[in-house]
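To start, the structure itself, in structure tokens.
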Amino acid sequence: MIRFVLRRVLAAIPIGLIVTLGVYALVFAMPGDPLRELAGDKPIPAAVLAAKRAQFHLDDPFIVQYLLSMKDILTGHFGSTFAGADIADQLRLRIPVTLKLATLSLAFQWVLGLFFGIYAGFKRNGWVDRSLLLATLVLLAIPGLVAYFAAQYLFAVELKWFPVSGVLEGYPRSYLLPALVIGVLGFAGLGRLMRTSIVETVNADFVKTARAKGLGEQRVLWRHILPNALLPVVTFIGLDLAGLFGGAIITESIFNLPGLGQFMFQAIKLKEGGVVVLLSTLAFISFILINLLVDVLYGVLDPRVRNV
């Protein structure tokens, strides 16, 4: 297992460099002067502008700027944003916001998806099964952006059940509406996959053999059906976890949550390449760690995978 983890980590290093280089190149290619855009209509003295450009190495070639950003990340000296905010302080303030949103939305998604998926799979063609398939089909057809704005307008603006935006009302109330929207949209895919996986596993030959040997239904369920049915679901959950940061960019911007997603959106808008590379690196590291965790869970659920 240690060798397996080391191989994965070593293979991830060149991929991470390519990803961060590509992200920085896209930000670098964006038109406009970030310092002038930050100032808006206010005039900036030439001396101040030159000093700021020298401070952030904006006049250096692209590859030099990228290497300096990577050096800051590797040494832990993140510096400050163009507006003067300390990046390390911003991370300390924003990471908990994104984690709160992520844990709450995943709780909704996993509880709904696994419960209804397992129940519908065992009670195939029942009213719960048919209702699940219809409801998830409708949810999958709704674009996420439309769902966010529609939920915000209906439940926050019109009905006033939730805050419209921001975190002034604290946790969990300020996070409930965006977490519910993320959770319900994610539940659609997870529920259908869990239901399909259960149906396929229940009808498998090894389950029929276990029952023919006289094993009780509880033992067949916990020892034979669920461990095998959960294998594709674990992959789905791993990909879902890895994609949380990308979704947070949209969600936190719409609901004005001061998390990492909003920080990334602002950094892209202001062409702050160093911040974008830093956040992209954090997202990539979390993606690698989540994939390693998924591989370990595969080995726990199916011992045959350990030898692959």
Side-chain angles (χ1 to χ4, degrees), residues 85 89-120 128 131-195 233 236-270 279 282-283 286 290:
D89 290 340
Q90 288 293 307
L91 292 178
R92 281 191 288 269
L93 292 172
R94 291 175 181 272
I95 287 176
V97 174
T98 299
L99 289 178
K100 289 175 183 177
L101 177 63
T103 51
L104 198 56
S105 61
L106 288 174
F108 288 133
Q109 177 183 340
W110 292 355
V111 169
L112 293 172
L114 294 177
F115 176 78
F116 284 103
I118 292 172
Y119 188 87
V128 173
S131 301
L132 175 72
L133 293 176
L134 178 61
T136 54
L137 184 64
V138 173
L139 289 171
L140 289 170
I142 301 175
L145 203 60
V146 174
Y148 292 137
F149 283 116
Q152 188 179 48
Y153 177 76
L154 177 61
F155 297 112
V157 177
E158 291 294 326
L159 298 176
K160 303 187 187 307
W161 291 355
F162 304 97
V164 177
S165 63
V167 293
L168 291 179
E169 298 196 25
Y171 182 84
R173 181 167 169 76
S174 297
Y175 298 83
L176 277 176
L177 183 57
L180 274 170
V181 178
I182 298 172
V184 170
L185 292 177
F187 143 76
L190 179 59
R192 290 179 74 93
L193 179 62
M194 187 76 252
R195 180 256 181 201
V233 175
F236 179 91
I237 290 176
L239 292 173
D240 201 34
L241 280 170
L244 272 178
F245 181 71
I249 296 176
I250 299 174
T251 310
E252 292 178 0
S253 299
I254 293 174
F255 290 94
N256 194 28
L257 300 177
L260 292 177
Q262 187 193 66
F263 196 26
M264 172 69 95
F265 179 79
Q266 294 171 348
I268 293 173
K269 188 167 64 173
L270 294 174
L279 296 178
L282 293 176
S286 65
I290 290 168

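Excluded from the calculations below are hydrogen atoms, water molecules and symmetry mates; all remaining heavy atoms, backbone and side chain alike, are included.
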S105 side chain to A102 backbone, donor-acceptor under 3.5 Å = yes
Heavy-atom side-chain proximity of T251 to Y148 below 4.5 angstrom = yes
Work out which heavy atom in A156 is nearest to a heavy atom in P163; give both atom names and the distance.
-> CB-O, 3.7 Å
Going through the checks in order, is the side chain to side chain contact (heavy atoms under 4.5 Å, CB included) test met by F155 and L180?
-> CA-CA 11 Å; F155 297 112; L180 274 170; over 6 Å; no
Donor-acceptor contact present, side-chain T98 to main-chain I95, <3.5 Å = no
Is the closest side-chain heavy-atom distance between V111 and F187 below 4.5 Å?
-> no
What are the two closest heavy atoms between G166 and L257, and how far apart are they?
-> O-CD2, 3.7 Å
Side-chain heavy atoms of V167 within contact of P258, under 4.5 Å | yes
Evaluate whether atom OH of Y119 has more than 12 neighbouring non-hydrogen atoms of other residues, nucleotides or ligands under 6.0 angstrom away.
-> no
With a 4.5 Å heavy-atom cut-off, do L145 and I254 have their side chains touching?
-> yes
Do side-chain atoms of R94 reach the backbone of G259 as a donor and acceptor pair under 3.5 angstrom?
-> yes
Could you tell me whether a side-chain N or O of Q152 sits under 3.5 Å from a main-chain N or O of V164, the two making a donor and an acceptor?
-> yes
Could you tell me the separation between the OH atom of Y175 and the CG atom of L101, rounded to the nearest 0.5 Å?
-> 8.0 Å
Separation between CG (L104) and CG (L176), nearest 0.5 Å, reads 5.5 Å
Minimal heavy-atom distance between F162 and R173, with the atoms involved, is CA-NH2, 4.0 Å
State, yes or no, whether a side-chain contact exists between N256 and Q262 at a heavy-atom distance under 4.5 Å.
-> yes
Could you pull out the closest heavy-atom pair between L91 and P96, with the gap in Å?
-> O-CD, 4.2 Å
Distance from E158 atom CD to Y153 atom OH, nearest 0.5 Å?
-> 3.5 Å
Hey, could you give me the CG/CZ distance between L154 and F149, rounded to the nearest 0.5 Å?
-> 15.0 Å
Please examine the side chains of L185 and F108, heavy atoms only from C-beta on, and report whether any two atoms are closer than 4.5 Å.
-> no
Distance in Å, M194 CE paired with F116 CZ, rounded so as to fall on 0.5 Å steps | 14.5 Å
Heavy-atom nearest pair, P178 first then F255, reads CB-CD1, 3.7 Å
State whether the side chain of T136 and the backbone N or O of R192 hold a donor-acceptor pair below 3.5 Å, judged by distance alone.
-> no
Note, I182 side chain near L106 side chain (heavy atom, < 4.5 Å) | no
